[in-house]
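In what follows, a structure is listed as structure tokens, so that the remarks can point back to it.
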Amino acid sequence: MSEIFVNVPVIKYEGKDSKNPFAFKFYDADRVILGKKMKEHLPFAMAWWHNLGAAGTDMFGRDTADKSFGAEKGTMEHAKKKVDAGFEFMQKLGIEYFCFHDVDLVPEADDIKETNRRLDEISDYILEKMQGTDIKCLWGTANMFSNPRFMNGAGSTNSAEVYCFAAAQIKKALDLTVKLGGRGYVFWGGREGYETLLNTDMKFEQENIARLMKMAVEYGRSIGFTGDFYIEPKPKEPMKHQYDFDAATAIGFLRQYGLDKDFKMNIEANHATLAGHTFRHELRVSAINGMLGSIDANQGDTLLGWDTDEFPSDVYEATMCMYEVIKAGGLTGGFNFDAKNRRSSNTYEDMFHGFILGMDTFALGLIKAAAIIEDGRIDDFVRERYASFESEIGKEILHGTTLQRLAAYAEKLGSTSEPASGRQEYLNGIVNSILFTEVDCPKK
């Protein structure tokens with residue numbers, strides 16, 4: 001097989017002083033940080049749809065990048081060329097995982113039986129390519145938002161026939177995920193929501209979504225899928241209001257319908273900001289509820305009100321992300337670069353520059369997050385801030401008391417002292433002093 005990315009070498013770590021555009025400055029896969037290799041902290045994944053499919057099209061213009069890889073688009077030959085390109089790409093970057101939607105892999109046919117035949121053919125080809133490599137499937141999913149049949153949703157559709165097609169796609173995508181050894185399966189409700197409540201039975205739609213997810217869990221477990229199911233929250237776009245608005249909303253939904261034992265969150269940075277949250281907030285909400293599963297690593301543009309899916313470059317955000325991930329004990333999933341090159345970055349070389357940027361950004365974030373944890377001042381401050389709950393009355397509050405007992409205690413005090421300062425500026429200064437000085441992470 002001929003090389004596709006002929007102008008790009010295997011990407012290696014050369015250190016922060018390197019000027020080589022095709023080298024990692026911070027991502028050193030085997031470097032040990034807090035007892036684990038960097039690649040174990042950061043199981044990176046390639047998003048099939050963006051990296052091998054997105055060609056720069058936007059609402060105002062057609063493709064600017066050539067993602068044909070030497071084959072006619074819309075053919076099975078092109079589908080196989082994308083496989084060839086994807087595996088060469090991952091091997092040159094040392095990426096060990098990929099993620100996919102069903103219709104990323106093959107052109108969708110008019111008849112679902114033919115689409116499934118094509119999926120069987122391409123998944124056989126992917127399995128062949130996986131042989132002799134370290135490359136694995138992180139997670140799979142079904143695209144139930146692009147086809148016009150899903151204009152009113154998939155699980156939330158008003159059509160029983162469309163609901164059956166959604167079920168058929170989920171079944172096949174689960175089959176593929178198990179076939180390819182995927183660690184997870186994702187539900188992103190791209191059109192699971194509403195434009196107006198005037199034509200919407202919200203309770204009925206949410207119950208139907210839950211029914212579909214329960215059937216997916218039952219089927220997945222029956223065919224040997226042992227991984228996590230994920231919900232990927234997003235508040236809007238393409239629908240005006242989507243039911244999986246944010247992590248808290250999705251977690252409440254899962255608990256209401258008894259799905260919380262099988263599902264975790266797949267948190268995307270750009271979706272967090274669209275919901276009016278920080279990336280870190282969504283990670284913390286997921287973690288404290290025992291549902292932090294996987295991450296779509298990207299970032300948005302704060303000046304634009306839509307999902308821009310940019311490669312992550314903000315080291316501060318990456319540091320805060322890794323702080324949350326380390327504190328939570330890591331992920332069951334990984335870091336999928338659900339990111340695409342800008343429309344004007346339209347060459348094969350730009351594809352690699354995007355991933356080098358993202359991998360280096362998260363590697364540096366990992367190094368700095370570990371340094372913050374090793375420094376200890378922030379954790380010490382947080383413990384001290386809540387120290388009053390270690391007093392006699394504080395322990396009573398935590399371990400069981402009555403409203404009358406607390407009211408009597410307050411009357412005995414007569415008045416209360418001011419709570420301790422939150423010292424936000426002091427804490428921000430600690431983070432800055434670690435981020436922007438030559439602080440290295442001790443190896444263990």
Looking at Arg383 and Glu390, is there a salt bridge between them, counting it only when a charged N and a carboxylate O are closer than 4.0 Å? no
Run the ring-centre check on Phe145 versus Phe150 and record whether the distance is less than 6.0 Å. no
Minimum side-chain heavy-atom gap Met320-Val431 below 4.5 Å: yes
Which is it for Asp104 and Lys82 under the salt bridge (Lys or Arg N to Asp or Glu O under 4.0 Å) test, yes or no, and what are the steps along the way? CA-CA 10 Å; Asp104 302 329; Lys82 286 200 294 182; over 6 Å; no
Looking only at heavy atoms, the pair that brings Ala216 and Ile170 closest together is CB-CG2, 3.8 Å
Nearest 0.5 Å please: distance from the CG atom of Leu292 over to the CZ atom of Arg284. 11.5 Å
Residues passing the salt bridge (charged side-chain N to carboxylate O under 4.0 Å, His left out) test with Asp246, sequence neighbours excluded, are none
Are the side chain of Thr64 and the backbone of Arg343 linked by a donor-acceptor contact shorter than 3.5 Å? yes
May I have all residue pairs that pass ring-ring contact (aromatic ring centres under 6.0 Å, His included) and include part of residues 292-327, sequence neighbours excluded? Phe311-Phe355
Could you tell me whether Met151 atom CE has more than 12 heavy atoms of other residues or ligands within 6.0 Å of it? no
Salt-bridged, Asp350 to Arg342, with N to O below 4.0 Å? no
If you count heavy atoms of other groups shown closer than 6.0 angstrom to CG of Leu197, is the number above 12? yes
Asp228 side chain near Trp139 side chain, heavy-atom distance below 4.5 Å: no
Only counting residues at least two apart or in another chain, list the ones meeting side chain to side chain contact (heavy atoms under 4.5 Å, CB included) with Ala363. Phe26, Tyr27, Met38, Leu42
Looking at Met144, is its backbone amide N or carbonyl O close enough to the side chain of Gln169 to form a donor-acceptor pair, meaning the two atoms are under 3.5 Å apart? no
Leu283 vs Cys321, side-chain contact (heavy atoms from CB on, under 4.5 Å): CA-CA, chis, key distance, verdict: CA-CA 7 Å; Leu283 296 172; Cys321 166; 3.7 Å; yes
Please report the closest heavy-atom contact between Thr401 and Arg405, naming both atoms and the distance. OG1-CG, 3.1 Å
Between Trp49 and Asp338, do the side chains contain a donor N or O and an acceptor N or O under 3.5 Å apart? yes
Asn20 and Glu14: side chain donor to acceptor below 3.5 Å: yes
Please confirm whether the backbone N or O of Ala142 pairs with a side-chain atom of Lys172, one donor and one acceptor, at under 3.5 Å? no
How are the rings of Tyr243 and Tyr194 set to each other: parallel, tilted or perpendicular (split at 30° and 60°)? tilted
Between CZ of Phe5 and CZ of Phe22, what distance do you get to the nearest 0.5 Å? 11.5 Å
Are Phe335 and Val325 close enough, and set up right, to give a side-chain contact (heavy atoms from CB on, under 4.5 Å), and what steps lead you there? CA-CA 11 Å; Phe335 293 83; Val325 170; 4.3 Å; yes
Partners of Asp307 by side chain to side chain donor-acceptor pair (under 3.5 Å), sequence neighbours excluded? Lys234, His271
How close do Val8 and Lys92 get, heavy atom to heavy atom, and via which atoms? O-NZ, 2.6 Å
Quick one, Phe225 and Asp175 - any side-chain contact, counting heavy atoms below 4.5 Å? no
For Thr141 and Glu232, what are the C-alpha separation, side-chain angles and deciding distance, and is it a side-chain contact (heavy atoms from CB on, under 4.5 Å)? CA-CA 11 Å; Thr141 187; Glu232 182 175 323; over 6 Å; no
Any side-chain heavy-atom pair from Met359 and Phe337 closer than 4.5 angstrom? yes
Do Ser313 and Gln299 have side-chain atoms, one donor and one acceptor, less than 3.5 Å apart? yes
Using only atom types and a distance under 3.5 Å, with no angle test, would you say the side chain of Ser286 pairs donor to acceptor with the backbone of Met265? no
Donor-acceptor contact present, side-chain Arg183 to main-chain Gly227, <3.5 Å: no
N/O donor-acceptor pair under 3.5 Å between Glu192 side chain and Ile209 backbone: no
Least distance between heavy atoms, Lys25 atom then Tyr13 atom: O-CE1, 3.4 Å
Plane angle bin for Tyr185 and Phe187 - parallel if under 30°, tilted between 30 and 60°, otherwise perpendicular: perpendicular
What I'd like to find out is whether the side chain of Leu406 reaches to under 4.5 Å of the side chain of Glu396, using heavy atoms alone. no
Please examine the side chains of Ile397 and Phe389, heavy atoms only from C-beta on, and report whether any two atoms are closer than 4.5 Å. yes
Less than 4.0 Å between a side-chain N and a carboxylate O, is that true for Asp380 and Arg377? no
Asn341 versus Asn346, side-chain donor and acceptor atoms under 3.5 Å: no
Taking the six-membered ring where the residue is Trp, are the ring centres of Tyr348 and Phe352 under 6.0 Å apart? no
Could you tell me whether Glu207 and Lys203 have a side-chain N and a carboxylate O separated by less than 4.0 Å? yes
Pairwise side-chain contact, Trp48 with His101, heavy-atom cut-off 4.5 Å (strictly under): no
Side chain to side chain, Thr273 and Thr302, heavy atoms closer than 4.5 Å: no
With a sphere of 6.0 Å drawn around NZ of Lys179, does it hold more than 12 non-hydrogen atoms of other residues, nucleotides or ligands? yes
State the CG-CG distance between Asn266 and Leu331, to the nearest 0.5 angstrom. 9.5 Å
Taking Asn143's backbone N and O only, do any of them form a donor-acceptor pair with Asp102's side chain (distance below 3.5 Å, no angle check)? yes
Side chains of Thr308 and Asp301: donor-acceptor distance under 3.5 Å anywhere? no
Check whether any side-chain N or O of Lys136 sits under 3.5 Å from a backbone N or O of Asp134 as a donor-acceptor pair, and report yes or no. yes
Between Phe69 and Glu88, is the side-chain contact (heavy atoms from CB on, under 4.5 Å) condition met? List the steps. CA-CA 12 Å; Phe69 305 114; Glu88 181 185 330; over 6 Å; no
For the side chain of Glu282 and the backbone of Ala247, is there at least one donor-acceptor N/O pair under 3.5 Å apart? yes
Nearest-0.5 Å distance, OG of residue Ser146 to CZ of residue Arg191: 7.0 Å
With rounding to the nearest 0.5 angstrom, report the CG to CD1 distance, Asp84 to Ile4. 5.0 Å
Listed by chain and number, what are the side chain to side chain donor-acceptor pair (under 3.5 Å) partners of Ser345, not counting sequence neighbours? none
Please answer whether the main-chain N or O of Leu366 pairs with a side-chain N or O of His41 as donor and acceptor at a distance below 3.5 Å. no
Which heavy atom of Val285 sits nearest a heavy atom of Ala248, and at what distance? CG1-N, 4.0 Å
Gap between atom CG of Leu138 and atom CG of Leu180 - 0.5 Å precision: 12.0 Å
Taken in chain and number order and not counting sequence neighbours, the residues that satisfy side chain to side chain donor-acceptor pair (under 3.5 Å) with Asn7 are Glu349
